[in-house]
Amino acid sequence: GMLIGEYGYSIDVKGRLNFPAKLREDLGDTFVLTKGFDDKCLLVYSMEEWKNFEDKVKSLPMSKARNLQRFFFASATEIEPDKQGRIVVPAVLREYALLDKDVMVIGASNHCEIWSKQRWDEICAELDTTSIVDIMDEIGF
């Protein structure tokens, strides 16, 4: 299914985070967590979507693929939620995304994102409605 919605949670000192049941259903039992590229967030992919992504990277010329592989694959980790639906976010990824206590888990169509609440609020404040209207016009929506 489509990954949608916005969920607020807190992350504990060990990096444990409740992951939304609705998103877990769509992602499957195991999924992949890696660094986001444009903003300091984490990306979450189902195994199927991750495989699609890997295939796309493999099809690139080596010069381009190399940097992508280093960025995404070196920091990627397979995640399996426990019976309570909690995941553990590794310290290196928590630091990258500046996650302290309050986090937002966002469904973003074919993947999810994990944000520090503060960063998410900043991003939402920056989302300029006129630029969104322009893009909506482009896709004729």
Proximity of Phe37 and Phe72 rings by center, below 6.0 Å: yes
Non-hydrogen side-chain atoms of Tyr45 and Leu33 separated by less than 4.5 Å: no
Test item: side-chain donor near acceptor, Glu113 and Trp120, under 3.5 Å: no
Heavy-atom closest pair, residues Tyr96 and Cys41: CE2-O, 3.6 Å
From CA spacing to verdict: side chain to side chain contact (heavy atoms under 4.5 Å, CB included), Val32, Thr77: CA-CA 6 Å; Val32 174; Thr77 181; over 6 Å; no
Met62, CE atom: more than 12 neighbouring heavy atoms under 6.0 Å: yes
Any Leu27 side-chain heavy atom under 4.5 Å of Leu3 side chain: yes
From Cys112 atom SG to Met104 atom CE, the distance as rounded to the nearest 0.5 Å: 12.5 Å
Transitive ILVMFWY side-chain link Met47 to Val44, under 4.5 Å: yes
Neighbour count above 12 (heavy atom, 6.0 Å) for Leu98 CG: yes
Which atom of Thr34 lies closest to which atom of Leu93, heavy atoms considered: C-CD2, 4.4 Å
Side chain proximity check, Val57 to Gln69, heavy atoms < 4.5 angstrom: yes
Spatial distance of atom CZ (Phe31) from atom NE2 (His111) [nearest 0.5 Å]: 14.0 Å
Non-hydrogen atoms of Lys14 and Val88 that approach each other most closely: O-CG1, 3.7 Å
Carboxylate-amine/guanidinium proximity below 4.0 Å for Arg119 and Glu122: yes
Under 3.5 Å: donor-acceptor pair, side chain of Arg24, backbone of Phe19: yes
Asp29 CG to Glu80 CD distance, which is reported to the nearest 0.5 Å: 7.0 Å
pair Val103-Leu17: side-chain heavy atoms closer than 4.5 Å: yes
Spacing of CD1 belonging to Ile106 relative to CD belonging to Glu6, to within rounding of 0.5 Å: 4.5 Å
Linked, directly or transitively: Leu23 and Ile4 (ILVMFWY side chains, under 4.5 Å): no
Spacing of CD belonging to Glu54 relative to CD belonging to Glu49, to within rounding of 0.5 Å: 12.0 Å
Distance in Å, Ile11 CD1 paired with Lys117 NZ, rounded so as to fall on 0.5 Å steps: 15.0 Å
Plane angle bin for Phe53 and Trp50 - parallel if under 30°, tilted between 30 and 60°, otherwise perpendicular: tilted
Lys35 charged N/C atom sitting above Phe71 aromatic ring, 6.0 Å / 45°: yes
For Trp115 against Leu99, the heavy-atom pair lying closest together: C-CD2, 3.5 Å
